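Just so it is clear, the structure is predicted and the values come from calculations on it, not from any experiment.
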Amino acid sequence: MPLSPRPSVIQLAVKERSALYAAYIPLFSEGGIFIPTQREYKLGDDVYVLLSLPDEPERFPVAAKVAWITPARAANNRSQGIGVRFPEGGKARALKQKIEEILGPHLTSDRQTQTI
């Protein structure tokens, strides 16, 4: 039986609330995040994300899956990258709550994002 490739590790430091708003994916039930990257991924690929959030000293590790891909030269000047879905469970749920706490009322904004 072939070994599955190890998930790639991606470090993503989101320094500003507006950047977090543009990258966060609230449509996924457990949350998710857009990661700008030129590396090629396939849907369903496992990725391990070390996420830094605005004004948070700790990094949040999360094992995620690639849920969509934005190709190079996408419509509406969207950045090339991947959208990852957080897994179900305690740590990911806590991360989703933390992100939504940081975004607060911005969650209901109609400003364009890098996501769906």
Side-chain angles (χ1 to χ4, degrees):
M1 182 158 108
L3 292 174
S4 59
R6 290 179 47 174
S8 62
V9 176
I10 301 170
Q11 294 187 48
L12 179 64
V14 182
K15 297 188 181 344
E16 297 171 3
R17 193 172 279 144
S18 60
L20 182 61
Y21 170 79
Y24 180 58
I25 309 169
L27 295 176
F28 294 156
S29 61
E30 296 299 326
I33 197 121
F34 174 79
I35 301 169
T37 181
Q38 293 180 353
R39 184 170 171 186
E40 293 211 7
Y41 288 92
K42 293 195 264 330
L43 291 177
D45 279 355
D46 291 315
V47 292
Y48 189 77
V49 182
L50 293 170
L51 180 61
S52 299
L53 298 174
D55 303 320
E56 289 292 322
E58 67 180 295
R59 290 194 307 184
F60 298 87
V62 62
K65 284 203 178 289
V66 175
W68 99 74
I69 298 166
T70 303
R73 298 174 299 285
N76 298 327
N77 291 325
R78 292 194 187 274
S79 299
Q80 179 179 357
I82 56 174
V84 299
R85 178 189 304 257
F86 298 157
E88 292 183 21
K91 282 187 178 181
R93 185 168 297 120
L95 175 56
K96 177 182 175 161
Q97 288 172 336
K98 173 58 77 178
I99 290 171
E100 291 183 354
E101 181 182 299
I102 291 169
L103 292 176
H106 299 288
L107 272 175
T108 56
S109 172
D110 58 2
R111 288 192 340 251
Q112 185 172 354
T113 69
Q114 291 294 335
T115 68
I116 301 170

TODO: Identify, with sequence neighbours excluded, every residue that meets side-chain contact (heavy atoms from CB on, under 4.5 Å) alongside Lys91.
DONE: none

Task: Gap between atom CG of Asp45 and atom OG of Ser8 - 0.5 Å precision - done: 7.5 Å

Open item on the list: To the closest 0.5 Å, what do you measure between CD (Glu16) and CG (Asp55)?
Closed with: 10.0 Å

Open item on the list: Please determine whether residues Phe60 and Val14 belong to a single hydrophobic cluster, defined as Ile, Leu, Val, Met, Phe, Trp and Tyr linked transitively by side-chain heavy-atom distances below 4.5 Å.
Closed with: yes

Task: Expected output: side-chain Arg93 to main-chain Glu88 donor-acceptor under 3.5 Å - done: no

Task: Residues in side-chain contact (heavy atoms from CB on, under 4.5 Å) contact with Ala13, at least two apart in sequence or another chain - done: Lys15, Ser52

Open item on the list: Among residues at least two apart in sequence or on other chains, which ones pass side-chain hydrogen bond (donor to acceptor under 3.5 Å, both in side chains) with Gln11?
Closed with: Arg59

Open item on the list: If I compare all heavy atoms of Ala92 with all of Pro87, which pair ends up nearest, and what's the gap?
Closed with: CB-O, 3.0 Å

Task: Hphob cluster co-occupancy, Tyr48 + Ile25, side-chain heavy atoms under 4.5 angstrom - done: no

Task: Contacts of type side-chain contact (heavy atoms from CB on, under 4.5 Å), residue Lys96, not counting sequence neighbours - done: Tyr24, Glu100

TODO: Indicate yes or no: at least one non-hydrogen side-chain atom of Lys65 is less than 4.5 angstrom from one of Val84.
DONE: no

Tell me which donor-acceptor pairs under 3.5 Å the side chains of residues 29-38 have, and how far apart each pair is, sequence neighbours excluded?
unit_1	atom_1	unit_2	atom_2	d
Thr37	OG1	Arg39	N	3.1

Task: Inter-residue atom distance Thr70.OG1 - Gln80.CD, 0.5 Å rounding - done: 8.5 Å

- [ ] Could you point out which residue of Leu20, Leu12, Ile10 forms a side chain to side chain contact (heavy atoms under 4.5 Å, CB included) with Leu51?
- [x] Leu12

Open item on the list: So, using side-chain contact (heavy atoms from CB on, under 4.5 Å) as the criterion, who are the partners of Ile69 when residues are at least two apart?
Closed with: Leu43, Val66, Ile82

Task: Leu95 side chain near Leu53 side chain, heavy-atom distance below 4.5 Å - done: yes

